[in-house]
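Reminder, nothing fancy here: chain letters follow the sequence lines and each chain counts from 1.
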Amino acid sequence: MSDSGAKQDLAIEVFDLTVAYRDKPVLWDIDLEVPEGVLMAVVGPNGAGKTTMMKSLLGLIKPAAGQVRIFGKPYAEVRSEVGYVPQRGTVDWDFPTTVIDVVMMGAYANLGWFKRPGRKEHEAALHALDRVGMKPFADRQISQLSGGQQQRVFLARALLQDARLYLMDEPFQGVDATTERAIIDILREMRKEGKTVIVVHHDLQTVPEYFDWVTLLNVRRIASGPVEDVFTEDNLRLAYGGKIAFITGQNHDHPEVVEAMEGKEEV
Amino acid sequence: MSDILRLLITDYTLRTVALGATVLGVTSGALGAFAVLRRQALLGDAVSHATLPGIALAFLLTQSKAPLVLLVGAAIAGWLGTLLVLAVVNNTRIKEDAALGLILSVFFGGGLVLLTLIQKMPIATQAGLDKFLFGQAAALVESDVIAMAVLAVPTLLLTALFWKEFKLLSFDPEYGATLGFKMRTMDILLTSLIVIAIVIGLQTVGVVLMSAMIVAPGAAARQWTDRLSVMVILSALFGAVSGVTGAVISSTMAHLPTGPTIVLVVSVIVVISLAFAPNRGLVWSYLRERRNRSRMRLEAVLGNMGLMARQHGQQTVGHTSSAIGAMSGGRIGIDARLRDLEQDKLVVQDSDGLWALTERGNQKAAEIMQRGVTE
């Protein structure tokens, strides 16, 4: 990987990434190139390895084989350039803490070991909350939030990191319309600022509207590229195993998906 | 009571006992709060039982009863037990609860066998190690309290120092790892501190019941607050109060083992907290639910009367209470509900005993029906 000079404008490069739980492959031989500045959706049926791929990019899961380069470097060297928004179901929302406290966790990396967040971090956290429309909730106990509000708190926490690359795991999962709008607005702002955002996404219908780049995944990489080239009926059929219904809109270049049934059941 | 207070100030033994119990209560309370939040309560139970063979082996190897020697033995065994639980979970298909049960019983059984062997040895008839089973606060001497403090002070200091990291670990460890914090190391550190907190209490509370001092103060403290810092401090306070109360009671009465006494005291705190803490307390949520339910029943009656009035085209048409009751899911209690509504001037009863909505009641009914549509 010495040709980093030629690939300066790539946010993510993945080579031959393979991840297995015990003897079962979850990701198989993934190659991926994501240019900087795109808004990319990762789609695929349940058990396709979407979350696993995000976690491997973040070094949270050790791959059985393969390499990941972020901005041309190993993840450990550019960690501070990468922001992560985990699925909101992964934490205990009954934890005794407030909204602003959770958001300030986004500043922990800059603080380093031992130092506690102070006034500056508090201000920054309030600003981030304002961007997601949650400023009035700053002192709320987190157990009092709705699902959409929880999601926006997680987003604000990531915004505080002011990263160049963001990885978001299903930020639209089960959120209300206000939250979906707020998240989309922020994603577009981020793109304007030249940031790269990768989003695990479930709603195939909104892919062409929200994103400009897409990766279709089902253990293997089915396709990856600009939405207008890659988000085709054939590719979707490959990813979802044919259990999918389409109507092709007359004035559209890409098929409109009306119904996406879940893929093969995970064992 | 004042006698005990005077004794606390003047009596050397009692003062030592109280001091030791404070040290143990504060440490187990503070660290136990984290154990509760991380759902590691059962780990505390396994660790405390797993310390027993460590105590026995430390005595067998050194022939010493010095508190620090025995406690170090206990800590090593407790720590080994924790590592074994992790190893079993990670490398076999056995789940965590079964692994905890396995390690707990194997270590505790081994410890009991060693203890019996020691008691049969001619040199050690007076080893007194059996006090580690149920705890004996009255036997605490100054050197014990010093040994406890030597372990407790760095434990509490480290907890304060790594506050932000422990919070991250307890709330969202994966996110913490993406921020560059060594979450595995933090996990090992926090678990080790919990092991030390358990070890500190062994002599006073005993291996059998020590886990209660890890779980109970934290569980009680969680009821009263929604802030981690307040929860940890409150938990330490509950630990200290129950530790001192239990230890003093047991050491002023002959043959009363300390561990069970302390656990009884902390249980009282837990019961009070579960029942009466604001917001989370069972009593309050029961009352809240009852209030909500009766309000909803009244609203249902009001809404149905609105519906009936609308069918008749005017609010003033009266209906019998049984007709209203039949619409509102049963006649039982319908009269009482109508009287309640009458008190709020939402309905009136005419001279024929028929019930109709008042002007205010009509408005309220319209609101309720509207809400039923939009929600």
*Asks:* Could you measure the distance from the CG atom of B/L193 to the CG atom of B/L158? Nearest 0.5 Å is fine.
*Replies:*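 If I round to the nearest 0.5 Å, the distance is 5.5 Å.
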
*Asks:* After noting the C-alpha distance and the side-chain angles of A/H201 and A/F172, does the key distance pass the ring pair (Phe, Tyr, Trp, His ring centres under 6.0 Å) rule?
*Replies:* CA-CA 7 Å; A/H201 196 55; A/F172 296 107; 5.2 Å; yes

*Asks:* Name, in order of residue number, those residues of residues 124-138 of chain A that have a heavy atom at a distance of less than 4.5 Å from a heavy atom in chain B; otherwise write 'none'.
*Replies:*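 The stretch does not come within 4.5 Å of chain B.
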
*Asks:* Residues in side-chain contact (heavy atoms from CB on, under 4.5 Å) with B/A41, at least two apart?
*Replies:*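 With neighbours one apart ignored, the set is B/V215.
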
*Asks:* How many angstroms lie between CZ in B/F166 and CG in B/L189, if you round to the nearest 0.5 Å?
*Replies:*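 So the CZ of B/F166 and the CG of B/L189 are separated by 4.0 Å.
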
*Asks:* Roughly how far apart are A/L159 CG and A/E189 CD, rounded to 0.5 Å?
*Replies:*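 Here the interatomic distance stands at 8.5 Å.
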
*Asks:* Donor-acceptor pairs under 3.5 Å, chain A to chain B, main chain and side chains both?
*Replies:*
| residue | atom | partner | partner atom | Å |
| --- | --- | --- | --- | --- |
| A/K55 | NZ | B/E174 | OE1 | 3.1 |
| A/K55 | NZ | B/E174 | OE2 | 3.2 |
| A/Y75 | OH | B/T178 | O | 3.3 |
| A/R79 | NH1 | B/A177 | O | 3.1 |
| A/D92 | OD2 | B/R39 | NH2 | 3.2 |
| A/D94 | O | B/R222 | NH2 | 2.6 |
| A/D94 | OD1 | B/R280 | NH2 | 2.6 |
| A/D94 | OD2 | B/R280 | NH2 | 3.0 |
| A/P96 | O | B/L228 | N | 3.0 |
| A/T97 | N | B/D226 | O | 3.2 |
| A/D101 | OD2 | B/K167 | NZ | 2.6 |
| A/G112 | O | B/K164 | NZ | 2.5 |
| A/F114 | N | B/E165 | OE2 | 3.0 |
| A/K115 | O | B/K164 | NZ | 2.9 |
| A/R116 | NH2 | B/A160 | O | 2.6 |
| A/R157 | NH1 | B/D172 | OD2 | 3.1 |
| A/R157 | NH2 | B/D172 | OD2 | 2.9 |
| A/Q161 | OE1 | B/Y175 | OH | 2.8 |

*Asks:* Can you tell which part of A/V85 gets under 4.5 Å to a heavy atom of chain B, answering side chain, backbone, both or neither?
*Replies:*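 Contact with chain B is absent: no heavy atom of A/V85 under 4.5 Å.
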
*Asks:* Counting heavy-atom pairs under 4.5 Å with chain B, which one of A/G112, A/G59, A/G83, A/A158 comes out on top?
*Replies:*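 It is A/G112.
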
*Asks:* To the nearest 0.5 Å, tell me how far A/L111 CG sits from B/F181 CZ.
*Replies:*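 Rounded to the nearest 0.5 Å, the CG-CZ separation comes to 7.5 Å.
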
*Asks:* Residues two or more places apart in sequence or in another chain: which of them pass side-chain contact (heavy atoms from CB on, under 4.5 Å) with B/V106?
*Replies:*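 Partners of B/V106 under the side-chain contact (heavy atoms from CB on, under 4.5 Å) test: none.
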
*Asks:* Say you draw a straight line from CD1 of B/I103 to CG of B/L84; how long is it, rounded to the nearest 0.5 Å?
*Replies:*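 Rounded to the nearest 0.5 Å, the CD1-CG separation comes to 4.5 Å.
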
*Asks:* Taking the side chain as every heavy atom from C-beta outward, state whether A/L165 and A/I12 have any pair of such atoms under 4.5 Å apart.
*Replies:*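 The answer is yes; the side chains approach within 4.5 Å.
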
*Asks:* Would you mind checking which part of A/L167 comes under 4.5 Å of any heavy atom in chain B, side chain (CB onward), backbone (N, CA, C, O), both or neither?
*Replies:*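 For A/L167, neither part sits under 4.5 Å from chain B.
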
*Asks:* Going from CG on A/L217 to CG on A/L27, what distance comes out if it is rounded to the nearest 0.5 angstrom?
*Replies:*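 Interatomic distance, A/L217 CG to A/L27 CG, rounded to 0.5 Å: 6.0 Å.
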
*Asks:* So do the side chains of A/V102 and A/F95 get within less than 4.5 Å of each other, counting heavy atoms only?
*Replies:*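 No. Closest side-chain heavy atoms not under 4.5 Å.
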
